[in-house]
Amino acid sequence: AGCLSATVDSNRCRRAPRGRPVTGFDTLTEASVSIEDYVARVGEYCYATAPAYVLSLLYMTRYAHTTALPISQRNVHRLFVVCLLVAFKFVDDHTCTNEFYAHVTGMSVKELNR
């Protein structure tokens, strides 16, 4: 969580390149919960393994480099959840339903599935 927070802080002055659309990960306002608290909540209820966390950070890094869009306070929560879910499904044998993950993360199932 610390590295995500540091990334968000370092990207505060960066803006998405002109002409680039806002992504599906972006929210209209910044989240009221810190990324550290959010990661702790997801970790408490989802029982993620260390390899899943590492892989999710790798996915987030690749996203940031391939899209040239900064990871910000407006997209870090959703981006983290989606990358972690993909990592869960790749690394772990037993995963929960998307309905469960939606409940834990505060996202709707529709939002999570798109």
Side-chain angles (χ1 to χ4, degrees):
C3 65
L4 291 178
S5 183
T7 300
V8 168
D9 288 342
S10 70
N11 287 334
R12 278 209 194 276
C13 350
R14 286 186 64 206
R15 298 275 185 233
R18 287 197 181 273
R20 293 293 298 246
V22 175
T23 69
F25 297 112
D26 291 307
T27 58
L28 295 176
T29 60
E30 291 185 3
S32 60
V33 62
S34 71
I35 190 61
E36 290 90 351
D37 292 342
Y38 195 71
V39 170
R41 175 180 168 75
V42 170
E44 180 180 349
Y45 293 102
C46 293
Y47 313 109
T49 60
Y53 277 113
V54 171
L55 189 56
S56 70
L57 292 174
L58 178 64
Y59 289 155
M60 290 180 75
T61 302
R62 286 186 179 174
Y63 169 84
H65 285 96
T66 58
T67 64
L69 296 172
I71 296 175
S72 69
Q73 188 63 28
R74 289 183 47 216
N75 65 18
V76 68
H77 295 77
R78 286 182 179 178
L79 187 58
F80 166 72
V81 166
V82 169
C83 290
L84 187 61
L85 293 186
V86 171
F88 278 158
K89 293 177 183 201
F90 182 76
V91 173
D92 295 333
D93 291 334
H94 303 286
T95 60
C96 299
T97 64
N98 282 1
E99 288 81 11
F100 175 78
Y101 292 129
H103 178 73
V104 169
T105 62
M107 296 171 64
S108 69
V109 176
K110 182 178 178 182
E111 223 178 352
L112 198 57
N113 288 337
R114 66 178 163 131

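What's counted below: heavy atoms across the whole structure, side chains too, no hydrogens, waters or symmetry copies. In this text the structure is predicted, and so the values were computed from the model without any measurement.
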### side chain to side chain donor-acceptor pair (under 3.5 Å) involving Asp92 - partner list, sequence neighbours excluded
Thr49
### Task
For Asn113, check side chain to side chain donor-acceptor pair (under 3.5 Å) against everything at least two apart and list the hits.
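If we apply the side chain to side chain donor-acceptor pair (under 3.5 Å) test to Asn113, skipping adjacent residues, the hits are Asn98.
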Spatial distance of atom [atom1] ([X]) from atom [atom2] ([Y]) [nearest 0.5 Å]:
X	Y	atom1	atom2	value
Arg41	Asp37	CZ	CG	11.0 Å
Cys46	Leu85	SG	CG	7.0 Å
Arg74	Ser72	CZ	OG	6.0 Å
Leu55	Met60	CG	CE	12.5 Å

### Summary
Contacts satisfying ring-ring contact (aromatic ring centres under 6.0 Å, His included) that involve residues 31-73 (not counting sequence neighbours) are Phe25-Tyr63, Tyr38-His77
### Task
Quick one: list whatever passes side chain to side chain contact (heavy atoms under 4.5 Å, CB included) with Thr97, sequence neighbours left out.
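With sequence neighbours excluded, Thr97 shows a side chain to side chain contact (heavy atoms under 4.5 Å, CB included) to Glu99, Phe100, given in chain and number order.
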Contacts under 3.5 angstrom, residues 104-111 side chains, donor-acceptor by atom type, not counting sequence neighbours:
from	atom 1	to	atom 2	distance (Å)
Thr105	OG1	Tyr101	O	2.8
Thr105	OG1	Ala102	O	3.4
Ser108	OG	Glu111	N	3.0
Glu111	OE1	Ser108	N	3.2
Glu111	OE2	Arg78	NE	3.3
Glu111	OE2	Arg78	NH2	2.3

### Query
Do you know which two heavy atoms are closest between Leu84 and Ala52, and how far apart they sit?
CD1-O, 3.8 Å
